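Letters A, B, ... mirror the listed sequences (proteins, then strands); counts begin at 1. Predicted model, so just to flag it, every value in this text is computed and none were measured. Atoms considered below: every heavy atom in the structure, side chains included; atoms not considered: hydrogens, waters and symmetry mates.
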Amino acid sequence: MFILVFKLNSSIIHYQQSNLLKICDDLQFPFRFYLVVTFLIFEANFETIYNTIMKISKAFIPTLKEDPADAVIPSHKLMVRAGMIRMLSAGIYSFLPLGYKVIKKITKIIREEMDAIGGQEFHLPALNPKEIWEQTNRVEAFGDTMFHIKNRDYVLAPTHEEIMTYHAKGVLKSYKEMPQIWYQIQTKFRNEARPRSGVIRGRQFLMKDAYSFDSSWEGLDASYKLHDNAYRNIFDRCGIKYFIVGASSGAMGGSKSEEFMVKSDAGEDTVAHCESCGYAANVEVAQSKIDPVERHEESKEFYEISTPNIKSINELCEFLKIDERQTAKSRVYVFNNEPVLVLMSGNDDVNETKLESVLGCAVRPGHPDELKEITGADAGSIGPIGFKHKIIADLRLENANSLYSGANKNDFHIGGIDLKRDVPNIEYYDLRTVESGEACPKCGEKLEVFKAIELGHIFKLGTKYSESLGAMFLDENGKENPIIMGSYGIGVERVLACYIEQNYDERGILWDNNLGPYQIHLLGLNMKKDKVIETSEKIYATLSQNGYEVLFDDRKGVQAGFKFADADLIGLPLQVIVGERALKENMIEIKVRRTGERVKVNLDKVYDKVAELLK
RNA sequence: CGGGGCGUAGCGUAGUCCGGUUAGCGCGCCUGCUUUGGGAGCAGGAGGUCGCAGGUUCGAAUCCUGCCGCCCCGACCA
């Protein structure tokens, strides 16, 4: 059998076909049978050989010279231009062979790391009975984001907590059977109101989601830690530069949660990050060390100032020739139908997430006409003196005095305000949004605030789903408890897109050896010359037989420049260039895509050099 | 869902304001010849319901109404 496998492998290389059926067609009856048997037994081995070589003349790799009109971010443009994806509808993409090869590489890494922590892979239905989702109240929670089937009571699964818990229920009945880690890599469906950034936010997308089932909170901690490590390994192996943000787990419930983020202008989250100590937090909760507004020794009585047409803090500072820190900006919000005045120092931004957690409910900025009714003045002239409702202020203003703020009368401000003396019922909270350049709360170095893409999210779910679905187990004392769960997700396409966002230049993508669809781009420059054909075919065979993944540009009648441009666009790590010029000296050229470095090597040293460069 | 932009050949686009030849150009595609180390040259050719529907008009890519699709900003985002 091994001999047969060997023969088949070489025959596959010899045929250089990408298609099993074609190979079958070319074989006589008994060999066909053996091929199929061998394929079944040695599938993994076969797959490696079967997938790794391709001639461009036979491949479907529709590259584009120009940027597609509807793509904005680099990864989207490059994925379309390199022939990896095509859009079918807004937020719905087909992966073409080249793009799908990268997806398979990413999922292979994910599978290896998930299996390494004891994960077991499932294949679950995307079509789910709505009833299960109603039991956890998530039909309502997801609302319009969930796709509903029209002619049957099914929904398209946007994630799989419910289904995994459903399978755990009644089966994981004893503490002895735990822990368990179950995962799947499958398509999820979400009716996003606005898909964007190519594959980064789609209406259907590939997600690896894993769930841990434990009988104790310590067990959950251990499962969480395993995933934390696995995720670091996965993103490291994918060559992604990421950072980790501690976050609240929001409406999912549960306690601890971490997000694996990538810095990107295309991101949908804003985070504060400290390069030096690694502190990272969503800007919604991020803190910084800032100087409080100092209290002056003398505190004179407050007084009204005429400030015609002065609305903004900047205008006020200019008009009165004062520093921003001497002002208190007023913002009126409405919560539970009650107005609240929020005082901030200077131009500091109100952080509405922090405000909501302070007030314990949703807030909204007051409408212009409401402001007039509540305060007697328009925005720009509102202040704490004479304000009759709840007043809270940012910590930075704690006990400050000699402040300027609005007079609740248009075109007037008040100076000499002493919050301690004049606003007795004021409460102070951290309410401001951190800004780039402020000091890290942990180490004091400078924080950077930027947009980021969420690649992965791990969190401790607790018992929310096991309780609502009744997934219970018996503990050591024979007592029934809900299973303690964790939930861990990775956006597979986002890994791909983020890799490209971090690895491209003006000519195209820059693949590393581990994620690239192939390792080597072999270019036969003039495929009408016998010597070029002969040499490049030989190199193709040699590299293939040695297990390298080779994309061979064997197209006849395509100009050298065209081939170079395609090779740079697709961006495989190495380009092996066979051209007449170097062949005269018995040499071929090897170009390292990332650095642009070119080396000439003798024909009999090609394999050694490739091996060295791809190490 | 709110605001803005766009929809013309496989891709990128001109023409639309101010209605009037056979809807133009670049790339790509097909045939032939030449060319072959950074997106070739010449010659010939194929390819269009101008997003869809209705209306105005002698005449509509162009004006009007409705709808659909796509992109961007915002809202939303377990």
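Residue contacts shown for A/Lys188 are absent, as no nucleic acid heavy atom lies under 4.0 Å away. Within 4.0 Å of A/Lys529, counting heavy atoms only, lies no atom of the nucleic acid at all. Heavy atoms of A/Met207 sit under 4.0 angstrom from at least one base atom.
To the nearest whole angstrom, the two P atoms, one in B/G24 and one in B/G48, are 13 Å apart. Spacing between B/U65 and B/A9 at atom P, rounded to whole Å, works out to 25 Å. Taking the P atom of each, B/A46 and B/C25 are spaced 14 Å apart, rounded to whole Å. On the C1' atoms, B/C76 is 35 Å away from B/U13, given to the nearest whole Å. Rounded to whole Å, the separation between the C1' atoms of B/G47 and B/A23 comes to 14 Å. B/G19 sits 11 Å from B/C64 when the P atoms are compared, rounded to a whole Å. Nucleotides B/A61 and B/C50, compared at atom P, are 7 Å apart to the nearest Å. As rounded to the nearest Å, B/G51 and B/C71 have C1' atoms that lie 15 Å from one another.
The strand RNA chain B forms stems, runs of 3 or more Watson-Crick or G-U wobble pairs with distances below 3.5 Å, at B:1-7 with B:68-74, B:10-13 with B:24-27, B:29-34 with B:40-45, B:51-55 with B:63-67.
The list of ring pair (Phe, Tyr, Trp, His ring centres under 6.0 Å) pairs with a residue in residues 569-594 of chain A, not counting sequence neighbours, is empty. Within the structure, the ring pair (Phe, Tyr, Trp, His ring centres under 6.0 Å) test picks out the following pairs touching residues 62-90 of chain A (sequence neighbours left out): A/His76-A/Tyr93.
The CZ atom of A/Phe205 sits 15 Å away from the P atom of B/C77 (whole-angstrom rounding). Protein atom CZ of A/Arg190 is 13 Å distant from nucleotide atom P of B/C77, rounded to whole Å. At whole-Å resolution of the value, CD in A/Glu580 and C1' in B/U36 are 8 Å apart. Summarising the geometry, the separation between CD1 on A/Ile570 and C1' on B/G39 is reported as 14 Å, rounded to the nearest angstrom. Atom NZ in A/Lys563 sits roughly 13 Å away from atom C1' in B/G39 (whole-Å rounding). Following rounding to the nearest Å, A/His457 (NE2) and B/C77 (P) show an atom-to-atom distance of 14 Å. Remark: C1' of B/C11 and CG of A/Asp566 are 14 Å apart, rounded to the nearest angstrom. Straight-line distance from the CZ atom of A/Arg555 to the C1' atom of B/A40: 15 Å, rounded to whole Å.
Checked for salt-bridge contact, A/Lys600 and A/Glu585 meet the test: a charged N lies under 4.0 Å from a carboxylate O. A salt bridge between A/Asp505 and A/Arg593 is present, with a side-chain N of the basic residue lying under 4.0 Å from a carboxylate O of the acidic one. By the 4.0 Å N-to-carboxylate-O rule, A/Lys609 lies too far from A/Glu589 to be salt-bridged with it. Here A/Lys591 does not pair with A/Glu597 in a salt bridge; the nearest charged N to carboxylate O distance is not below 4.0 Å.
Looking at every heavy atom in both residues, A/Gly524 comes nearest to A/Lys563 through O-NZ, 2.6 Å. The heavy-atom pair separating A/Leu98 from A/Gly83 by the smallest distance is CB-O, 3.9 Å.
Centroid-to-centroid, the aromatic rings of A/Tyr211 and A/Trp182 stay 6.0 Å apart or farther. Under the 6.0 Å cut-off for aromatic ring centres, A/Phe235 and A/Phe260 qualify, their centroids lying closer than that.
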- Taking protein heavy atoms under 4.0 Å as touching, what does nucleotides 66-76 of chain B look like 5' to 3' if B marks base contact, S marks sugar-phosphate-only contact and - marks none? ----SSBBBBB
- How does protein contact run along nucleotides 24-30 of chain B, one letter per nucleotide 5' to 3', with B for base contact, S for sugar-phosphate only, - for none, heavy atoms under 4.0 Å? --BS---
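A 4.5 Å side-chain heavy-atom check between A/Lys263 and A/Glu448 finds at least one atom pair inside the cut-off. At a threshold of 4.5 Å between non-hydrogen side-chain atoms, the residues A/Gln519 and A/Leu614 count as touching.
Along RNA chain B, the nucleotide closest to A/Arg81 and the one closest to A/Val558 are compared, and the more 5′ of them pairs with A/Val558.
Remark: nothing in residues 492-501 of chain A comes within less than 4.0 Å of RNA chain B through any heavy atom.
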- Would you please test A/Trp511 and A/Tyr518 for ring pair (Phe, Tyr, Trp, His ring centres under 6.0 Å) and show each step? CA-CA 9 Å; A/Trp511 288 114; A/Tyr518 297 86; over 10 Å; no
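Distance check, rounded to the nearest 0.5 Å: CD of A/Gln204 to CZ of A/Arg190 gives 13.0 Å.
Under the 6.0 Å distance and 45° angle rule, A/Lys55 does not count as a cation-pi partner of A/Phe552.
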